[in-house]
Amino acid sequence: MLYIGIDLGTSSTKALLTNEKGEIIKSSSRSYGISYPNPGWTEQNPSDWVKALIEILKDLSKDHEDEINGISFGGQMHGLVVLDKDDNVIRPCILWNDGRTEAETEYLNEVIGKDNLSKYTGNIAFAGFTLPKILWMKNHEKENFDKISKIMLPKDYLAYYLSGVHATDYSDASGMLLLDVEHRSYSKEMLEIAGISESMLPKLYESYDVIGTLKESIKKELNLKRDVNIVIGAGDNAAAAVGTGTVGNNKCNISLGTSGTIFITSDKYSVDKKNSLHSFCHADGGYHLMGCILSAASCNGWWLNKILNRTDFDYHNTEMSNVDINNGVFFLPYLSGERSPHNDVNIRGAFLGLSHTTTEAMMGRAVLEGVAFALRDCLEVAKQNGVNITSTKLCGGGSKTTLWISIIANVLNVPVEIPYVEEGPSYGAAILAMVGSKEYPDIISATNAIIKTKEIIYPDSKQVSIYEEKYNKFRKIYPKLKGLL
């Protein structure tokens with residue numbers, strides 16, 4: 001049988017058609033835009049996602065109409081999709097990287113209190129989370145707020161569109177700031193703070209659970225010959241972790257997409273003492289700690305496309321590889337503010353240490369190093385919580401840059417494993433569809449059978465030593481610039 005894994009991303013939706021062995025039969029993607037109604041605001045129209053979804057499903061199902069057995073999802077987290085009593089979308093989705101909720105985030109952290117939030121949910125408030133967006137609507141769009149019948153997350157809206165079922169999974173719901181992560185249930189205290197009822201929220205499932213089957217109308221539109229399981233799937237980072245085999249206890253995955261994450265698994269619930277990292281449910285039924293930096297591969301894209309006006313992402317790898325690491329140039333990758341570990345929506349990116357001898361290659365390498373240093377910031381917090389990582393998987397667009405992989409290995413001082421399939425969330429979603437459809441008994445069995453390592457990049461002891469000194473300088477910069485940028 002064949003399975004479709006869908007990754008609802010910020011700039012496009014990507015999907016894979018695979019067989020039960022994880023072999024990719026076909027891939028498809030569609031792009032769409034982002035709306036910026038005000039500075040720092042980001043929105044999308046869910047109808048654009050639906051249009052992309054149907055075009056992709058038609059593309060992937062062609063010539064395989066009687067073989068598709070399951071569809072599942074990975075998707076951008078935290079976005080606020082609100083539906084009225086007739087399940088119509090009330091307003092455009094407020095995205096994960098939207099910065100309008102500074103006042104609501106401060107209210108939650110300072111008035112409700114970080115200790116209370118951590119007790120109720122395992123997390124404190126970050127501007128990108130869903131609850132601050134709900135409170136923003138309540139404060140600024142009361143008429144729209146009063147129309148809300150259902151609150152959904154982006155990928156779950158697609159699952160609803162295909163199945164007619166209002167559902168979410170524990171990994172994605174963890175980022176709403178409405179879930180009691182430890183007990184895997186909605187928090188009554190947080191619902192009261194939000195001013196909403198549990199009936200307004202989707203039903204909770206494990207990521208590999210079947211929530212229904214493809215609606216007959218869509219099945220007919222796609223000319224499919226059999227019932228198709230709709231498996232709820234996971235938030236993009238949890239799905240990416242499944243797609244790299246980062247499941248079970250004490251495993252690590254780094255994702256270099258638009259944003260960057262360091263994702264550390266656990267079979268037991270734990271909370272970062274300072275709440276700098278997120279404590280979320282994992283798609284395998286366990287838990288994870290996660291640090292999220294808001295700009296990762298997007299920093300490299302900004303540098304090459306907006307500043308250098310180039311589209312060839314590899315054009316200057318040779319020049320950057322030959323740069324003396326001890327060049328004194330630093331880059332702060334906070335182009336959209338920062339989440340982990342600083343939780344600062346106002347900080348911005350910066351180059352430091354420039355001189356008459358600074359070259360384009362030095363600055364380009366500093367961009368890659370700055371992202372690696374920001375990930376190291378998150379890893380240091382995890383270490384303070386007793387986590388000991390001996391290796392990491394790597395996925396996302398940035399994983400295709402060999403130089404960047406070696407920089408990460410040396411900055412973090414751990415081997416970096418590159419899987420044969422680097423598709424991340426869409427591949428993980430396909431595996432979740434397989435488990436939900438009983439091809440495998442559980443996630444660990446599935447990933448053990450499917451995920452293979454293509455290459456391992458080991459740290460270089462000389463560069464590790466140099467980067468240790470450089471990182472110790474980097475970590476002193478943010479406190480000095482806080483409030484100035």
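Throughout, numbering of the chain's residues begins at 1 and tracks the sequence.
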Plane angle bin for Tyr269 and Tyr287 - parallel if under 30°, tilted between 30 and 60°, otherwise perpendicular: perpendicular

Heavy atoms, side chains only, cut-off 4.5 Å: are [X] and [Y] in contact?
X	Y	answer
Leu8	Trp49	yes
Lys219	Val228	no
Thr101	Leu135	no
Asp98	Trp96	no

Does a side chain donor of either [X] or [Y] reach within less than 3.5 Å of an acceptor in the other side chain?
X	Y	result
Lys225	Asn223	yes
Glu422	Ser399	yes
Asn69	Glu20	no
Tyr3	Glu439	yes
Arg100	Asn38	no
Ser118	Asp115	no
Tyr478	Asp344	yes
Asn237	Thr261	yes
Asn139	Glu104	yes
Thr244	Asn253	yes
His166	Asp87	yes
Asn123	Ser279	no

NZ/NE/NH1/NH2 to OD/OE distance under 4.0 Å, [X] and [Y]:
X	Y	value
Asp180	Arg184	no
Arg91	Glu141	yes
Arg226	Glu67	no
Lys58	Glu55	no

Has [X] got more than 12 heavy atoms of other residues, nucleotides or ligands less than 6.0 Å from its [atom1]?
X	atom1	value
Tyr32	OH	yes
Lys14	NZ	no
Glu110	CD	yes
Glu106	CD	no

Shortest non-hydrogen contact from [X] to [Y]?
X	Y	answer
Tyr427	Gly22	OH-O, 2.7 Å
Ala15	Ser426	CA-CB, 4.4 Å
Cys378	Ile262	CB-CG2, 3.5 Å
Leu256	Ala296	CD2-CB, 4.1 Å
Lys133	Leu95	CE-O, 2.9 Å
Leu16	Ile24	CD1-CD1, 4.0 Å

Can you tell me how far [atom2] of [Y] sits from [atom1] of [X], rounded to the nearest 0.5 angstrom?
X	Y	atom1	atom2	answer
Lys155	Asp7	NZ	CG	12.0 Å
Asp48	Leu53	CG	CG	12.5 Å
Thr121	Tyr186	OG1	OH	13.5 Å
Phe280	Leu289	CZ	CG	10.0 Å
Ser217	Leu214	OG	CG	7.5 Å
Ser340	Ile293	OG	CD1	9.0 Å

Could you tell me whether a side-chain N or O of [X] sits under 3.5 Å from a main-chain N or O of [Y], the two making a donor and an acceptor?
X	Y	result
Asp84	Asn88	yes
Ser445	Tyr440	no
Gln44	Thr10	yes
Thr401	Trp404	no
Asp209	Glu206	yes
Thr246	Val242	no

Pairs flagged by ring pair (Phe, Tyr, Trp, His ring centres under 6.0 Å) wherever residues 116-141 is involved - sequence neighbours left out: Trp41-Trp136, His78-Phe129, Phe126-Phe129, Phe126-His278, Phe129-His278, Trp136-His140

Tyr170/His282 under ring-ring contact (aromatic ring centres under 6.0 Å, His included): CA gap, chis, key distance, verdict: CA-CA 7 Å; Tyr170 293 109; His282 191 8; over 10 Å; no

